[in-house]
Amino acid sequence: MVLQLTHCSCSSYVKFPLVSWSGKIRKMVADARNSNLSRLELVNLPGGSKTFELAAKFCYGANLEINATNVAQLRCAAEYLEMTEDYWEENLIEQTETYLNEVVLKSLEKSVQVLSSCEALSPMAETVGIIARCVDAIAINARKEQLVSGLGRLDCDGRLGKSKTNILEWWVEDLSELNIDFYQRVISALRRTGVQSESIITSLMHYAQTSLKDIEKRLDWDPEKLKLILQILLSLLPTEKNTSVPFTFLFGMLRTAIIVDATGVCRLELERRIGFRLESVSLDDLLIPSSHSGDSFFDVDTVHRVLVNFLQRIKEEGPEDLSQNSFESNGLGSPTHGSMLKVGRLIDSYLAEIAPDPYLDLRKFIAIIEILPDYARIIDDGLYRAVDIYLKAHPALTEFECKKLCKFIDCQKLSQEACHHAAQNDRLPVQMALRILYFEQIRLKSYISESSGDGFLSQRVCSGVPSAAVSPRDNYASLRRENRELKLEISRMRVRLSELEKEQVLMKQGIMERSGNGKKFLTSISKGIGWTRIFGGATEGKGQKPRKKSQGLERKTRRHSNSLF
C-alpha cells in the first residue's frame with residue numbers, strides 16, 4: 001500500500017511531529033532534495049492506512065488506547081516507522097512492548113486474540129517476535145489452567161472428583177479461529193508443554209468441525225486448502241497407543257479426504273488408524289458413500305483396505321502362523337481371536353447392507369468375503385444371509401458366478417434354521433443345496449443317536465454353535481474329530497452325487513427325445529432322488545410339493561446420513 005502525506009510543511013521538525021517520533025520519516029525528509037516536500041510514500045506499511053492514523057494520533061499526543069485488537073498492528077507499524085527510544089522517550093515500540101509483556105502474554109484469551117490478528121501482518125509480525133511469543137504464551141497458560149482445573153476437582157480427602165464444567169472448552173473454541181499454520185504451531189507447543197492428549201484431541205476435533213463440516217454443500221470451498229488442513233490435522237494427531245481418537249472424527253476426516261480427493265498418503269494413514277481398531281467400529285461408520293458417479297453406492301475399496309490394515313495388526317500381535325490350526329491350538333480365547341470374531345460379525349453385517357446395491361460388482365463383493373480367514377466366523381449364518389440378499393438383488397448372475405459366490409459358505413457352520421432355509425432356497429446352486437441336505441441328514445443322525453455319549457455335543461458342533469457347557473478349545477477339538485469321521489461319508493457322497501449328475505444327463509436326454517411325456521419324466525426324477533436317499537427316504541413315486549419362497553432374510557437398505565462429523 002502506498003500512503004501519501006500531503007500539505008505538510010517540513011521546514012521544521014517541530015512543525016512535523018511525525019519526523020520527531022519516526023526515524024524512517026526523519027530519514028526520508030533528510031534525504032529529500034526539495035525542502036518544500038509535500039508528499040511521502042510509505043510502501044507496504046503493516047496494518048494499512050487505519051494503523052497509520054493510530055500511529056499519527058500517538059505522535060500528535062491524541063488519546064490512543066492500546067488493546068488486544070490493535071496492539072499487533074501498532075507494534076508492526078512502529079517497527080516499520082522506526083519509532084524507537086533513540087528518537088523519543090516512551091516511543092510507540094516501547095509502549096506496545098509493555099502492553100504485550102504485561103497484559104497479552106499473561107492472558108490465554110488475549111494471546112489467542114492477538115495471534116489471530118497477526119495473519120495479515122506477516123512477515124513483520126514474525127520478525128518482531130509477536131507470533132512466537134503468543135504461541136508460547138498460549139501453551140504455557142493452557143498448561144497452567146489445566147493444572148489449576150485438576151486441583152479444583154480434588155475433594156477434601158485428596159481424591160479426584162468429577163468435573164462439573166469443561167474449563168478447557170472456551171480456549172478450544174477460540175483456537176478454531178486461527179489459520180491452519182498458526183494452529184499447527186500452537187498444537188505443537190501445547191504438546192511440548194505437557195498439555196493432556198485428550199485436550200489436544202478435543203481441540204483438533206473442534207477445529208475440523210469448524211473448518212471442514214458440510215464442505216460438500218459449500219460453493220466456494222478451495223480443494224487445495226482443504227487438503228492442506230486435512231494433512232496438518234492428521235499430522236497433529238497423538239501417536240501414543242494409550243490414546244484413542246474417536247472414530248467419528250477419523251471417519252469424518254476420511255470421508256472429507258475422499259470428497260476433496262486428498263493425497264494417497266493422507267487417506268492411507270486414516271485407513272491404517274481405523275484398521276488397527278476395527279473391532280470397535282460400528283456398522284454405520286463403514287457405510288461410506290461412493291464419490292464416483294455411476295459406481296456402486298458404497299466405497300467398498302476403502303473398506304477393503306481398512307480390512308487389510310486390521311489383518312496386518314492381527315499378524316503382528318497374534319501367533320506367527322495365521323492359520324486355522326494355529327488358532328485352534330494356541331489362539332482360542334486370545335484378544336486377537338476375540339477381535340477377529342468381532343470383525344467377522346461386523347463384516348457379515350456390512351455385506352448384508354451393501355448386497356442390495358444393484359451396481360455392486362461381484363468381484364468387490366467377493367473380495368470383502370475372502371479377505372477374512374475361516375476362523376473369523378464360528379457360524380456362517382450372517383455370511384449366508386448376505387450372499388442370499390446379493391443373489392436376490394442380482395438375478396442376472398450366471399450359474400458359474402453363483403457357484404463362485406456360494407463356495408465361501410461352509411455348510412457345516414450353518415445353524416439348523418439357516419440350513420432349513422437354504423434347503424428351500426431356489427436361488428442357490430443345486431450342488432450347494434445337496435451338500436446342505438447331506439449335512440442336515442448327518443445332524444439328524446447325531447441328534448437321534450442316544451446310544452452315543454457325545455451325541456448332543458455333535459449336534460451342537462455340526463450346527464456351528466459352540467456349547468456353553470464346554471470350553472471353546474474342546475468344541476473345536478470335537479469339531480475336528482467330527483470332520484475326520486465325516487470324511488469317509490463325504491467321499492461316499494461325492495460318488496453318489498456323481499451318479500446323480502449322470503442320471504440328470506440321461507433324464508435331460510429323455511426329455512429331448514420324449515418332450516411330451518411329462519409323467520414319465522417326473523417318475524424318473526422321483527425314482528432317482530429316492531435312490532440316492534439324500535432327502536432321508538424314498539419318495540415312493542409321489543410328486544414333491546412346491547418349495548416355499550425364502551422369507552424374512554432380506555431387509556431394506558437403511559438410509560444413511562452424509563454428515564462428515
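For this chain, numbers begin at 1 and follow the sequence in order.
Side chains of Phe251 and Ile288 form a contact here, defined as non-hydrogen atoms less than 4.5 Å apart. Residues Ile180 and Ser211 are not in side-chain contact: their nearest non-hydrogen atoms beyond the backbone lie 4.5 Å or more apart. Side-chain contact between Ile369 and Leu405 is present, with heavy atoms from C-beta onward closer than 4.5 Å. Between Leu278 and Leu346 there is a side-chain heavy-atom pair separated by less than 4.5 Å. The side-chain heavy atoms of Cys266 and Lys227, taken from C-beta on, include no pair separated by under 4.5 Å. Residues Leu212 and Leu233 are in side-chain contact: their nearest non-hydrogen atoms beyond the backbone lie under 4.5 Å apart. You'll find the side chain of Ile258 reaches within 4.5 Å of the side chain of Arg267, heavy atoms only. Residues Ile201 and Phe249 fail the side-chain proximity criterion, which asks for heavy atoms closer than 4.5 Å.
Looking only at atom types and distance, the side chain of Ser290 has no donor-acceptor partner in the side chain of Asp299 under 3.5 Å away. Side-chain polar atoms of His420 and Gln416 form no donor-acceptor pair below 3.5 angstrom. No side-chain donor-acceptor contact under 3.5 Å links Ser280 and Arg277. Of the N and O atoms on the side chains of Asp410 and Tyr384, not one donor lies less than 3.5 Å from an acceptor on the other residue. At a cut-off of 3.5 Å, with distance as the only test, a side-chain donor of Ser203 or Tyr183 sits close to an acceptor on the other residue.
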- Query: side-chain contact (heavy atoms from CB on, under 4.5 Å) between Val387 and Cys406: does it pass, once the steps are laid out?
  - Reply: CA-CA 7 Å; Val387 169; Cys406 292; 4.1 Å; yes
- Message: Pair Asp348, Arg385 - check salt bridge (charged side-chain N to carboxylate O under 4.0 Å, His left out), show working.
- Response: CA-CA 8 Å; Asp348 286 348; Arg385 177 175 174 271; over 6 Å; no
- Message: Leu237 vs Arg273, test: side-chain contact (heavy atoms from CB on, under 4.5 Å). Steps then yes/no.
- Response: CA-CA 10 Å; Leu237 288 176; Arg273 285 178 174 267; 3.7 Å; yes
- Determine, step by step, whether Arg305 and Thr302 satisfy the side-chain hydrogen bond (donor to acceptor under 3.5 Å, both in side chains) criterion, reporting the C-alpha distance in whole Å, the side-chain angles of both residues, the deciding distance to 0.1 Å, and the verdict. CA-CA 5 Å; Arg305 290 192 296 270; Thr302 297; 3.3 Å; yes
- Task: Test Met340 against Arg377 for side-chain contact (heavy atoms from CB on, under 4.5 Å), laying out the working first.
- Result: CA-CA 8 Å; Met340 183 69 77; Arg377 299 179 179 93; over 6 Å; no
- Step by step, work out the salt bridge (charged side-chain N to carboxylate O under 4.0 Å, His left out) result for Arg272 and Glu269. CA-CA 5 Å; Arg272 185 190 67 83; Glu269 175 61 20; 2.8 Å; yes
- Task: Give the intermediate values and the outcome of side-chain contact (heavy atoms from CB on, under 4.5 Å) for residues Leu428 and Cys402.
- Result: CA-CA 7 Å; Leu428 300 179; Cys402 291; over 6 Å; no
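When every heavy atom of Ala386 is checked against every heavy atom of Ala352, the shortest pair comes out as CB-N, 3.6 Å. Counting all heavy atoms, side chain and backbone alike, His394 lies closest to Pro358 at NE2-O, 3.6 Å. Here the shortest heavy-atom pairing between Ala422 and Ile436 reads CB-CD1, 3.2 Å. Leu383 and Leu351 make their closest contact through CD1-CD1, 4.1 Å (heavy atoms, listed as atom of the first residue, atom of the second, distance). Here the closest non-hydrogen pair linking Asp285 and Ser282 is OD2-OG, 2.9 Å. Looking at every heavy atom in both residues, Ile371 comes nearest to His304 through CD1-NE2, 3.7 Å.
Here CD1 of Ile379 is found 11.0 Å from CZ of Arg345. Values are rounded to the nearest 0.5 Å. Atom CG of Leu372 sits about 11.5 Å away from atom CZ of Phe408, to the nearest 0.5 Å. Summarising the geometry, atom CG belonging to Leu307 is positioned 8.0 Å from atom CG belonging to Leu286; distances are rounded to the nearest 0.5 Å.
For Lys342, the NZ atom is loosely surrounded, since the number of other residues' heavy atoms within 6.0 Å does not exceed 12. Residue-environment remark: CD (Glu417) stays at or below the threshold of 12 foreign heavy atoms within 6.0 Å.
Counting only distance, with no hydrogens or angles, the side chain of Asp381 and the backbone of Ser415 share a donor-acceptor pair below 3.5 Å.
Proximity of the aromatic rings of Phe276 and Phe310 is defined here by a centroid distance below 6.0 angstrom, and this criterion is not met.
Ion pairing between Lys404 and Glu401 fails under the 4.0 Å rule for side-chain N and carboxylate O.
Taking the six-membered ring where the residue is Trp, Phe365 and Tyr390 present parallel rings, their angle staying beneath 30° rather than reaching 60°.
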